[in-house]
Amino acid sequence: MEKKRKYLTKTEWSIMKICWEKGQSSARVIYEETLKQKKRGYQSVKTMLDRLVVKGYLVREKFGPIWLYTPTVSHSKVMTREIDSFIDTVLDNTFSPLFARLIEKEKLSSDEIEALKKLIEEHEECE
């Protein structure tokens with residue numbers, strides 16, 4: 001049974017995206033990547049990495065004088081859990097407000113609309 005992980009903050013998400021992209025990385029490499037988004041102190045990034053270890057999203061191992069951080073769970077798995085939680089908590093398990101908002105804001109490309117239509121058709125065929 002998988003242990004329940006605590007939810008990620010916005011800053012933790014940004015750090016985890018770097019970790020997912022890089023795979024195993026040192027704190028220094030991750031820190032330098034975060035500077036492309038926002039100015040942060042090295043020690044602040046190191047603290048966030050250690051919190052992500054405690055939360056179970058990363059493991060760290062000593063390699064000579066440096067610590068290497070590696071994701072323990074995939075981006076898609078965490079994203080799926082977050083989406084499911086949002087749908088359950090905010091939308092009361094209804095999807096139409098989400099699609100209406102996406103279409104209203106013109107966030108969907110024609111390819112995305114076609115993909116959604118295909119998913120709906122496949123869902124209808126299964127019922």
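What you see is a predicted model, and the numbers here were worked out from it, not measured in a lab. We number each residue from 1, following the sequence as shown.
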Point to revise | Non-neighbouring partners of Lys117 that pass salt bridge (Lys or Arg N to Asp or Glu O under 4.0 Å), sequence neighbours left out | key: Glu114
Review point. To the nearest 0.5 Å, how far apart are NZ in Lys10 and CD1 in Ile15?
Key: 13.5 Å
Check your understanding: So, does Ser85 use its side chain to make a donor-acceptor pair with the main chain of Arg81 at under 3.5 Å?
Key -> no
Check your understanding: When rounded to the nearest 0.5 angstrom, what distance separates NZ in Lys17 from SG in Cys19?
Key -> 12.5 Å
Exercise for review: Report yes if the side chains of Val78 and Met16 come closer than 4.5 Å at any heavy-atom pair, otherwise no.
Suggested key: no
Review point. Of Met48, Lys38, Arg40, which is the lone residue that meets side-chain contact (heavy atoms from CB on, under 4.5 Å) with Ser14?
Key: Arg40
Exercise for review: Ignoring hydrogens and angles, tell me if any N or O in the side chain of Tyr57 forms a donor-acceptor pair with the backbone of Lys6 under 3.5 Å.
Suggested key: yes
Review point. For the side chain of Trp20 and the backbone of Val73, is there at least one donor-acceptor N/O pair under 3.5 Å apart?
Key: yes
Review point. Does the side chain of Thr70 reach to within under 4.5 Å of the side chain of Ser25, using non-hydrogen atoms?
Key: no
Check your understanding: Taking only residues two or more places apart in sequence or in another chain, which ones pass salt bridge (Lys or Arg N to Asp or Glu O under 4.0 Å) with Lys36?
Key -> Glu33
Check your understanding: Any donor-acceptor pair under 3.5 Å linking the side chain of Thr72 with the backbone of Val59?
Key -> no
Review point. Who else is in Ile66's hydrophobic cluster (ILVMFWY, side-chain heavy atoms under 4.5 Å, direct or via others)?
Key: Phe63, Leu68
**Study point:** Residues in salt bridge (Lys or Arg N to Asp or Glu O under 4.0 Å) contact with Asp84, at least two apart in sequence or another chain
**Key:** none
Check your understanding: Does Lys22 use its side chain to pair, donor to acceptor, with the backbone of Ile30 at less than 3.5 Å?
Key -> no
Practice item. Find out whether Trp13 and Glu82 are in side-chain contact, i.e. whether some heavy atom of one side chain is under 4.5 Å from a heavy atom of the other. Key: yes
**Study point:** Tyr69 side chain reached by Gln24 side chain, heavy atoms, under 4.5 Å
**Key:** no
Review point. Hey, are the side chains of Ile83 and Ile87 touching, using non-hydrogen atoms and a 4.5 Å cut-off?
Key: yes
**Study point:** Nearest-0.5 Å distance, CH2 of residue Trp67 to CG of residue Leu58
**Key:** 13.0 Å
Check your understanding: Transitively linked via ILVMFWY side-chain contacts under 4.5 Å: Phe86 with Met79?
Key -> yes
Exercise for review: Would you mind reporting whether Tyr31 and Gln43 have side-chain heavy atoms less than 4.5 Å apart?
Suggested key: no
Point to revise | Nearest-0.5 Å distance that lies between atom NE2 in His123 and atom CG in Leu116 | key: 13.0 Å
Revision key, fill the gap. For Arg60, the salt bridge (Lys or Arg N to Asp or Glu O under 4.0 Å) test, sequence neighbours excluded, returns Asp50
Check your understanding: Taking only residues two or more places apart in sequence or in another chain, which ones pass side chain to side chain contact (heavy atoms under 4.5 Å, CB included) with Thr94?
Key -> Leu91, Pro97
Review point. Counting heavy atoms not belonging to Lys118, are there more than 12 under 6.0 Å from its NZ?
Key: no
Check your understanding: Would you say the side-chain atoms of Glu12 pair up with the backbone N or O of Thr9, donor to acceptor, closer than 3.5 Å?
Key -> yes
